[in-house]
Amino acid sequence: MDPYKYLNIRLNPDGSLTRNGEAKLLPPCPSGEPIAVTAAAGADGPAHRIVHSNDAPLNDANGTSVRIFVPGKGVGTCDGSRLPLILYFHGGGYVLFRAASEPFHKTAATIAATVPAAVASVDYRLAPEHRLPAAFDDAADAVSWVRSYAAGSPGRPIFIMGSHSGASIAFRAALAAVDQGVELRGLILNQAHHSGVERTAAEQASVDDRVLPLPANDLLWELALPVGADRDHEYCNPDAMLAGISAARLRRLPPCLVLGRKKDPPRDRQRVLVAALREAGVDVEAKMDGAGYHAMELFKANCAAEFNAQVADFVRRHAHAGDGVDEHVARSRL
């Protein structure tokens, strides 16, 4: 197969990429948009909630921003405490999609309505125009933004979350956050995107995968990694990444929810990360046997409902768990 044709992209002579047929870019909706809240997501009350969204600059020099989603007035937590803030990183193999892309705009808005929570979706720079570690640098900017936000809003529970390549960004963002003393309540990694030179069994079986066929996956990494790097680079291979992170540093991470799918090509690599986190003593909830293929929550309503319910349940349970005597917060201060 021609991976450029499959991904509907063209590499230009100047190294930039023409992205044809991308998902529709949605504008923010400051006045609010109705978002369905399904019973499967554990929601009580109305079938729809109004979610307001707006864009805020992150780093003007890099052209990055955050799209902030906030539930409408009258939405609060069951105990009257502050709504959580979720720092969210979208997927797309570091090459495709934006925070404004319809699938990820809708995901963030639905999470905001369902949990309920404020969601800050980061519009980070894309490769190959901005190869890695540009997205990781943008994540560090987002963590600094959250740190400033937290200083002005004490007591608000903070989570970091990412889907697909965004999950790998979220992992690095969480490490940066605990290094800076940000008190995180949880980390959500949804189908983290990893690879390596030596094929895993799942990768070998993904040559003609319905969503992420191996040639397209390899091309995404070729476009995203630093020029001359192979897939065993620390930005791609979790073994190489983890080799540079001490167990003591991992141990400072908050409780983690790790989601995977039975037919997701990177699933073997995701298990490597889960094992390392558990070995370091991190509280990990791993649900690796979701039905279907990579990113199915973007395509199938039943998968989306399950995903939203899993996120909402995790955030609700950890938002105010152990207030006053919180072991993972204490670890983050070490």
Starting from the C-alpha separation in whole Å, work towards a yes-or-no answer on side chain to side chain contact (heavy atoms under 4.5 Å, CB included) for S168 and M241. CA-CA 10 Å; S168 299; M241 175 185 70; over 6 Å; no

Derivation of the side chain to side chain contact (heavy atoms under 4.5 Å, CB included) call for L253 and L250: CA-CA 6 Å; L253 290 172; L250 284 178; 4.1 Å; yes

From CA spacing to verdict: side chain to side chain contact (heavy atoms under 4.5 Å, CB included), F159, F314: CA-CA 10 Å; F159 293 77; F314 179 81; 4.1 Å; yes

After noting the C-alpha distance and the side-chain angles of H193 and N217, does the key distance pass the side-chain hydrogen bond (donor to acceptor under 3.5 Å, both in side chains) rule? CA-CA 10 Å; H193 191 207; N217 197 13; 2.7 Å; yes

Apply side chain to side chain contact (heavy atoms under 4.5 Å, CB included) to the pair Y94 and I169, showing each step before the final yes or no. CA-CA 9 Å; Y94 304 104; I169 301 173; 3.7 Å; yes

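Connection of M161 to W145 is not established within any shared hydrophobic cluster, with ILVMFWY side chains joined at heavy-atom distances below 4.5 Å, either directly or through further cluster members. No continuous path of hydrophobic side-chain contacts links M1 to W221 [ILVMFWY only; heavy atoms under 4.5 Å]. If you chain together hydrophobic residues whose side chains sit under 4.5 Å apart, L132 and L126 fall into the same group. Under a hydrophobic-cluster definition in which Ile, Leu, Val, Met, Phe, Trp and Tyr are linked whenever side-chain heavy atoms come within less than 4.5 Å, directly or via other members, L11 and L96 are assigned to the same cluster. Y88 and L175 are not part of a single hydrophobic cluster, where members link through side-chain heavy atoms under 4.5 Å apart.
Taken from CD1 in I245 to CD in E234, the straight-line distance is 8.0 Å, to the nearest 0.5 Å. Note that the CD1 atom of I68 and the CG atom of L85 stand 8.5 Å from one another [nearest 0.5 Å]. Residue Q270 holds its CD atom at 8.5 Å from CG of N190, rounded to the nearest 0.5 Å. Rounding to the nearest 0.5 angstrom, the gap separating the CG atom in L212 from the CG atom in D264 is 7.0 Å. With rounding to the nearest 0.5 angstrom, the CD1 atom of I188 is 8.0 Å from the CG atom of L259. In this structure, CG on L219 lies 4.5 Å from CG on L223, to the nearest 0.5 angstrom.
Judged by distance alone, the side chain of S246 and the main-chain N or O of R249 form a donor-acceptor pair under 3.5 Å. In this structure, the side chain of S153 does not engage the main chain of Y149 through any donor-acceptor pair within 3.5 Å. Remark: the backbone N or O of V178 is paired with a side-chain donor or acceptor of R252 at under 3.5 angstrom. In this structure, R267 contributes its side chain and K262 its backbone to a donor-acceptor pair below 3.5 Å. S53 contributes no side-chain N or O that, together with a main-chain N or O of F69, makes up a donor-acceptor pair within less than 3.5 Å. Within the 3.5 Å criterion, the main-chain N or O of A99 finds a donor-acceptor partner in the side chain of D123. No donor-acceptor pair under 3.5 Å is formed between the side chain of R67 and the backbone N or O of V122. Although no hydrogens or angles enter the test, the distance criterion places no donor-acceptor pair under 3.5 Å between the side chain of D313 and the main chain of A309. Side chain of N12 to main chain of D14: no donor-acceptor pair is present (N/O by atom type, distance under 3.5 Å, no hydrogens or angles). Remark: the backbone N or O of A113 is paired with a side-chain donor or acceptor of R49 at under 3.5 angstrom.
Under the 30°/60° scheme for interplanar angles, the aromatic rings of F104 and F97 are found to stand perpendicular. Ring planes of H164 and H294: tilted class, angle from 30 to 60°.
Contact check for E203 versus R231: no side-chain heavy atoms found under the 4.5 Å cut-off. L273 has its side chain out of reach of V258: every pair of non-hydrogen atoms, C-beta onward, lies at least 4.5 Å apart. Within the 4.5 Å cutoff, no side-chain heavy atoms of R185 are placed close to those of V315. The shortest side-chain heavy-atom distance between H318 and P255 falls under the 4.5 Å cut-off. In this structure, the side chains of I160 and L184 come closer than 4.5 Å at one or more pairs of heavy atoms. No side-chain heavy atom of F89 sits less than 4.5 Å from a side-chain heavy atom of S165. No side-chain heavy atom of I50 sits less than 4.5 Å from a side-chain heavy atom of P71. Counting heavy atoms from C-beta outward, L187 and V282 have side chains that stay 4.5 Å or more apart.
For the salt bridge (Lys or Arg N to Asp or Glu O under 4.0 Å) condition, no pair includes a residue of residues 21-32, sequence neighbours left out. Under the ring pair (Phe, Tyr, Trp, His ring centres under 6.0 Å) criterion, the residue pairs touching residues 227-268 are F136-Y235, H233-Y235, with sequence neighbours excluded.
Environment of CZ in R210: sparse, with no more than 12 heavy atoms of neighbouring residues, nucleotides or ligands closer than 6.0 Å.
Residues N237 and G196 come closest through the heavy atom pair ND2-CA, 3.8 Å. Of all heavy-atom pairs between A319 and P84, the closest is CB-CG, 4.1 Å. The shortest heavy-atom contact between S101 and R98 is OG-N, 2.8 Å. Of all non-hydrogen atoms in A173 and A139, the two that sit nearest each other are CB-CB, 4.1 Å. P238 and S195 get closest at one heavy-atom pair: CD-O, 3.9 Å. Taking all atoms of both residues into account, the shortest heavy-atom contact from R82 to H320 is O-NE2, 3.7 Å.
Between R271 and D289 there is a salt bridge, with a side-chain nitrogen of the basic residue lying less than 4.0 Å from a carboxylate oxygen of the acidic one. A salt bridge between R199 and D218 is present, with a side-chain N of the basic residue lying under 4.0 Å from a carboxylate O of the acidic one.
The hydrophobic side chain of V227 is isolated, with no ILVMFWY side chain under 4.5 Å apart from it. By the 4.5 Å side-chain criterion applied to Ile, Leu, Val, Met, Phe, Trp and Tyr, V207 is assigned to a cluster that also includes L214.
Contacts of E129 classified as salt bridge (charged side-chain N to carboxylate O under 4.0 Å, His left out), with partners at least two apart in sequence or in another chain: R19. Taking R261 as the reference, E297 meet the salt bridge (charged side-chain N to carboxylate O under 4.0 Å, His left out) condition, with sequence neighbours excluded.
When each of N59, V66, V146 is tested with D141 by the rule side-chain contact (heavy atoms from CB on, under 4.5 Å), just one qualifies, namely N59.
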